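Indexing begins at 1, ligand by ligand and atom by atom, following the structure's order. The model shown is predicted, which means the values in this text are computed figures rather than measured ones.
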Amino acid sequence: MIENTGGEGKLERIHVQVSPDLGEVARQAADLFVELCQAITGAGQVFSVALSGGSTPRALHQLLSSAPYRERVDWSRVRFFFGDERYVPEADTMSNYRMAHETLLEPLGVDPSRIFRMPTTELGSPALAAARYEDDLRAAFELSAGQLPQFDLILLGLGPDGHTASLFPHTEALSVSDRLVAANFVPKLDAYRITLTVPVINNAAVVAFLVAGSDKASALGSVLLGPRDPDEFPAQLVLPTDGDLYWLVDQAAAAGLAQARPDQ
Ligand code: 6PG
C-alpha cells in the first residue's frame with residue numbers, strides 16, 4: 001500500500017498513468033524522458049539515467065532511438081547507467097547491457113565514455129562486480145563518503161512476483177542500506193544479480209516504472225493497493241525521498257487495480 005509514510009506532499013508526487021497498450025506506455029515514457037532530459041541539458045547539465053532490464057524497455061528504446069524523439073535530445077549530454085544486471089557475460093543473450101546496447105546505445109551512437117555498464121563475470125565474482133560498480137558510481141558522481149548518487153531518472157520494471165530491478169522477494173539486497181550496489185543471490189533463479197540498492201533508487205529525482213501485460217496485473221494491484229509487505233512485494237520499497245514517482249502502465253496490467261481491495 002502506498003502510504004504517506006514521510007512528510008507532506010509525498011502522495012502528490014506519485015503519478016499513475018494508464019495507457020491502452022505497451023506502445024502508448026512507451027510513448028508516455030519517451031515523452032517523460034525527453035521532458036526531463038531537455039530541462040537538465042538545456043541548463044547545461046549532464047542527464048544521468050539508469051536503464052532498466054527485461055523486455056518492456058525495448059519499446060521505449062525503439063522510440064528514443066528513432067525520429068522524432070531521437071532529434072529532441074542532445075545525446076552528447078546523457079550518461080547511461082544500469083539499475084541492475086544479470087551476472088552473465090555482456091555478450092550473453094540474458095544481459096541487460098546487451099539488450100540496451102542493441103536497442104538504444106548502438107543505434108544512438110553513444111560514446112562509450114558515457115556508458116556505465118555494470119561489470120559482471122569478467123571480475124570473477126558477483127561481490128567484486130558490485131564493489132566495482134559502486135566505485136564507478138562514486139567516481140562518476142564525484143561522491144564523498146556517505147553520499148548517495150542522485151540519478152535524474154531511474155527506469156524500472158515490475159516482475160510478476162513484485163520484484164523490481166534485481167530486488168527480488170525475500171532476498172538479502174532488500175535490506176542493504178550501507179552500500180550503493182549489491183550482489184544479490186536469487187534462490188528461485190539459482191543465480192546472482194547485481195542491483196542498485198533501495199537508498200540509491202529512492203534518492204533519484206524521478207523514478208518511472210514501465211509495466212505492461214496481464215501477467216503483471218496481480219503484482220501491480222498488490223504493490224499499489226495491497227497491504228504494505230515489501231519483503232513479499234519489493235517494488236513497494238520504491239518511494240523517492242524527494243523525487244517524483246511515475247507508474248506508466250497499460251490497461252492489461254491495470255486490471256489488477258480494479259480487482260485489488262484497497263487496504264483497509
Ligand atoms: C531484469 C529487470 C527486471 C525487470 C522485470 C520486468 O533484469 O529483468 O531489471 O526488474 O524490469 O523483471 O521484466 P519484463 O520487462 O521483461 O517483464
Side-chain angles (χ1 to χ4, degrees), residues 19 21-26 28-30 49-64 80-90 92-104 116-121 126 129-130 133 151 153-171 173-174 181-198 200-202 204 207-220 222-224 230 232-238 245-250 252-256:
S19 298
D21 53 30
L22 172 56
E24 187 55 28
V25 167
Q28 295 288 327
V49 56
L51 300 176
S52 175
S55 56
T56 303
R58 288 175 175 270
L60 169 61
H61 294 178
Q62 175 65 38
L63 283 179
L64 291 175
F80 295 90
F81 298 81
F82 289 81
D84 73 315
E85 185 57 277
R86 291 84 182 274
Y87 188 67
V88 296
E90 76 175 74
D92 192 296
T93 55
M94 290 292 289
S95 164
N96 288 336
Y97 169 81
R98 175 172 168 168
M99 185 275 284
H101 189 259
E102 287 175 350
T103 60
L104 182 68
F116 298 78
R117 170 182 165 265
M118 276 186 171
T120 57
T121 51
Y133 205 59
F151 288 94
L153 172 61
I154 295 181
L155 295 164
L156 293 175
L158 180 70
D161 60 355
H163 84 261
T164 191
S166 283
L167 301 167
F168 283 81
H170 310 294
T171 58
L174 299 188
V181 185
N184 196 28
F185 182 69
V186 185
K188 77 174 187 182
L189 302 177
D190 192 22
Y192 274 94
R193 295 284 190 95
I194 312 297
T195 186
L196 295 182
T197 57
V198 173
V200 172
I201 293 171
N202 284 338
V207 176
F209 280 92
L210 277 61
V211 187
S214 56
D215 63 323
K216 308 293 177 73
S218 173
L220 187 63
S222 298
V223 168
L224 289 183
E232 186 66 29
F233 300 106
Q236 287 185 337
L237 292 167
V238 177
L245 176 60
Y246 288 82
W247 285 91
L248 307 178
V249 306
D250 73 353

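Here Phe82 and Phe116 keep their ring centres 6.0 angstrom or further from each other.
For atom 17 (O) of ligand 1, the closest non-hydrogen atom of the protein is Lys216 NZ, 2.6 Å. The nearest protein atom to atom 6 (C) of ligand 1, hydrogens excluded, is given as Leu158 O, 3.5 Å; this is a heavy-atom distance. The single protein non-hydrogen atom nearest to atom 13 (O) of ligand 1 is Gly54 CA, 4.0 Å, given as residue, atom name and distance.
Residues Ser166 and Asp84 have side chains that bring a donor and an acceptor to within less than 3.5 angstrom of each other. Side-chain contact of His61 with Glu102: a donor-acceptor pair under 3.5 Å is absent, judged by distance alone. For the residue pair Asp250 and Ser19, no side-chain donor N or O sits within less than 3.5 Å of a side-chain acceptor on the partner.
In this structure, Asn184 contributes its side chain and Ala173 its backbone to a donor-acceptor pair below 3.5 Å.
Expressed to the nearest 0.5 Å, how far CG of Leu60 lies from CG of Leu104 amounts to 7.5 Å.
Which parts of ligand 1 touch Ser55 is read off a 4.0 Å heavy-atom cut-off, strictly below it: atoms 14 (P), 15 (O), 16 (O). Set against the non-hydrogen atoms of Asp84, the atoms of ligand 1 under 4.0 Å away are 1 (C), 2 (C), 7 (O), 9 (O). Residue-ligand proximity, Gly157 to ligand 1, at heavy-atom distances under 4.0 Å covers atoms 11 (O). Remark: ligand 1 atoms within the under-4.0 Å shell around heavy atoms of Arg193 are 1 (C), 7 (O), 8 (O).
Looking at Arg86 against ligand 1, only its side chain comes within 4.0 Å, counting heavy atoms. At a heavy-atom distance under 4.0 Å, atoms from both the backbone and the side chain of Thr56 approach ligand 1.
Considering every non-hydrogen atom in both Ile201 and Ile154, the closest pair reads CA-CD1, 3.6 Å.
The distance criterion of under 3.5 Å between nitrogen or oxygen atoms is met by Ala165 with respect to ligand 1. Close N/O approach between His163 and ligand 1 is found [any backbone or side-chain N/O within under 3.5 Å]. Of the polar atoms of Asn96, at least one N or O is found under 3.5 Å from an N or O of ligand 1, judged by distance alone.
Comment: Glu90 engages Arg117 in a salt bridge, judged by a side-chain N to carboxylate O separation of less than 4.0 angstrom.
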